[in-house]
Amino acid sequence: MNSKKKRTLANPNPRNPMQAFHFLRSLSRINLSTAPFHKRCRAIRRAAYASMARSASPNRAWSHAVLYQLHRRRRRPVPVQARCKTHQNDALRRLLPGGEAMDTCRLLEETIDYVQRLRTQVKLMQEIVDSVKDDAVHEEKRQKEEN
Amino acid sequence: MQPSTREMQSMGAPMNGMPGSSTPSSTAASASHISLHELQNGNGQAHIQNPNLHGSSSQFDPSAASNDDFFDQMFSNIPSWPDLGKSPWDLANSAAAASGYDESSLLASRLRQYQISSGDGGSPVGKSIMLPLSAQQQQQLLLSAIGGRPSASDPDSSLLTPLPLSLAAAGQGSDSDTSFKSPNSTGAEGLYNGFGSGSLQRSANQPQHFHQAQGAAMPQQSFGAVPPAAVSTPAGAGAPAAPRQRVRARRGQATDPHSIAERLRRERIAERMKALQELVPNANKTDKASMLDEIIDYVKFLQLQVKVLSMSRLGGAAAVAPLVADISSEGGAAVGRGSPAAAAANESMSATEHQVAKLMEEDMGSAMQYLQGKGLCLMPISLASAISTASCRGPTSSLLAGSGACAVNNLAALIPGIPLGGDAPSSPSLSVLTVQSAVAGGCETDLSRSSGKDGAASVSKP
């Protein structure tokens, strides 16, 4: 329990509960479904991004892009900004959902937000996996003891 | 302005006294434009100006004669004060079009604009006035002024006055063209004494800037990118004491709306980069390019982690133990059930918990669905505590503490077999205690963390 407790999310942010809430809800829904494995993989990944996007502030462009993409299941053609600061910015633009149609300043803003949410999402999922693993291990132990 | 172009392209390779043909080629000009852009974007290394200075000053002698007509054109094109607000490009272009020095003057004007914006903060008008003057032109102007072009009455002359003085002063310090400088300096001083404009003080304070201003031909848009690094001003070649007010922008400030906007933009980008630096690990890079690389790698890494976790998560989820949490209180805002009173939460939770326990004994799926219908979801205690500690504020945490602890307690009592985050399942009270303490401690920690910026705070177990 100590290790688990210590593994706290480093970002004291009120939006974490919302993110966790959305993700867990969709996760449980996915787990209850009986889809094949890889489809569930993808569904979980989509749920992760959807939870990230839903808990984002409404003025974040990337969240809209993510939700749009998830909804339509395709990449929307975005106009590439004419001004290109450096080629590195282009790589960042490609990484960020909806990052093609932003200027550099806004791109960096969105990146900050995106990175924060990605981090919390990763930590969230990590926590779940670890706790589930521990639960499974304990479950096995208990069953072994019973048997 | 071949040498200046080459120098621009070399991005700082010092090319002192590079002799070049006085006739600039269009390709050179375009190349210089490109290099200017590169300068603006990447490096903003202002020491390029130094070689420019030398090169331009060395060019003066052979081109002296043909510059007079150009000089006249320049002066004719330079409008009165109010008109100076128009784009310096137009000024430079119009002035340069007629002469064979169009590219060079453009370059020079751009460079000077660039330098001037980083120089003294002066009137916006003055800055635009200085634009069309290149180092060569200034030399010519100075010479012609020395040669008897007294335009003291012209307000523009006051601008040019500091120019020659600074040029002279700076020129004395530089290596180039000492012979040329000596007449200029005397003429400049004479002019300076004659006019004594206020801007002269500024120029005297920062002759360096002016040197750079003259020699460097940076595009006007690159104002924001002008680094505060010292740019050596072009040597010697005292500017002609043309009646033009030289207003040099202070270093780091701009006197033109375009450059101000550019500067603001650059500052904002720098802020964001700093914020990103804190977020991303291995952020000890000072270079913006490498920082961007780090950011890109980190984003890719996080996305990959999400993907991997989603795959592994499935394996664990299939055999998942019940997840316990009170989402309503976690949701924060409109918490119907999550009353601050633990007793109320107790009562409201116990019924649900009983129901859930019953359902769980039958089938996990139905239990989960029941909970979901109620707006709850299950999660391990550790996860709940982690989330609450990470994100709690005062009221939310208390809610979670009350309901979460009660839920855990009851459920643990009902289903002792549930592994509680690694703890021994046989002691539900202990787990409850730990959860409560964890939550409480976490909240306190969180509060202290938010106040003290302690990012790595961990919950301590009593």
Side-chain angles (χ1 to χ4, degrees), chain A residues 1-2 4-18 20-21 24-25 27-29 31-32 37 40-42 44-45 48-49 85-86 88-89 91-92 95-96 104-105 108-109 111-112 114-116 118-119 121-122 124-129 131-136 138-139 142, chain B residues 41 265 268-269 272-273 275-276 279-280 289 292-293 295-296 298-300 302-303 305-307 309-314 316-317 319-321 327 330-332 365 368 372 377 379-380 382-383 385-387 389-391 393 417 419 421-423 425 434 438 442 446 449-450 455-456 458-459 461:
Chain A
M1 195 71 169
N2 278 343
K4 289 235 171 70
K5 280 195 227 169
K6 286 207 176 75
R7 203 185 313 115
T8 58
L9 299 171
N11 188 9
N13 207 312
R15 71 174 168 224
N16 285 354
M18 286 310 299
F21 169 54
L24 286 168
R25 195 155 71 161
L27 190 61
S28 52
R29 209 167 44 219
N31 288 335
L32 293 179
F37 178 76
R40 286 166 74 183
C41 277
R42 225 170 283 162
I44 286 183
R45 187 159 152 265
Y49 282 108
K85 185 173 168 179
T86 52
Q88 286 169 330
N89 277 22
L92 194 56
L95 273 182
L96 209 62
T104 310
C105 189
L108 288 179
E109 273 184 54
T111 309
I112 291 172
Y114 189 62
V115 162
Q116 277 174 340
L118 263 180
R119 278 224 303 217
Q121 184 69 38
V122 163
L124 193 67
M125 296 171 80
Q126 190 72 46
E127 289 262 356
I128 293 177
V129 168
S131 61
V132 164
K133 264 192 207 149
D134 281 351
D135 290 351
H138 280 279
E139 193 67 28
R142 195 175 58 81
Chain B
N41 292 337
R265 179 176 160 268
R268 271 189 297 169
I269 289 181
R272 309 271 157 66
M273 292 290 295
L276 270 175
L279 269 184
V280 175
L292 268 177
D293 282 335
I295 292 168
I296 289 172
Y298 190 60
V299 169
K300 281 191 199 155
L302 286 177
Q303 285 176 341
Q305 255 195 322
V306 167
K307 190 169 165 192
L309 277 175
S310 70
M311 286 194 286
S312 67
R313 180 71 190 83
L314 272 185
V320 67
I327 297 300
E330 248 190 307
M368 299 267 278
Q372 278 187 2
C377 89
M379 72 167 61
S382 58
L383 185 57
S385 58
I387 290 175
T389 50
S391 57
R393 280 179 182 167
D423 262 357
T434 53
D446 192 55
R449 185 195 311 153
S450 50
S458 61
V459 181
K461 183 174 182 177

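Order of the sequence lines sets the chain letters (A, B, ...), proteins ahead of strands, with each chain counted from 1. Values below: all heavy atoms of this structure, side chains included; hydrogens, waters and symmetry mates excluded. These numbers were taken from a predicted model, which means no experiment stands behind them.
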Between chain A and each of Q303(B), K300(B), K307(B), count heavy-atom pairs under 4.5 Å; write down the option with the most.
Q303(B)

Could you give the distance from CD1 (I296(B)) to OG1 (T111(A)), rounded to the nearest 0.5 Å?
9.0 Å

Just how far is it from atom CE of M125(A) to atom CD of Q305(B), taken to the nearest 0.5 Å?
9.5 Å

Smallest heavy-atom separation, L302(B) atom then V122(A) atom, equals O-CG2, 3.8 Å

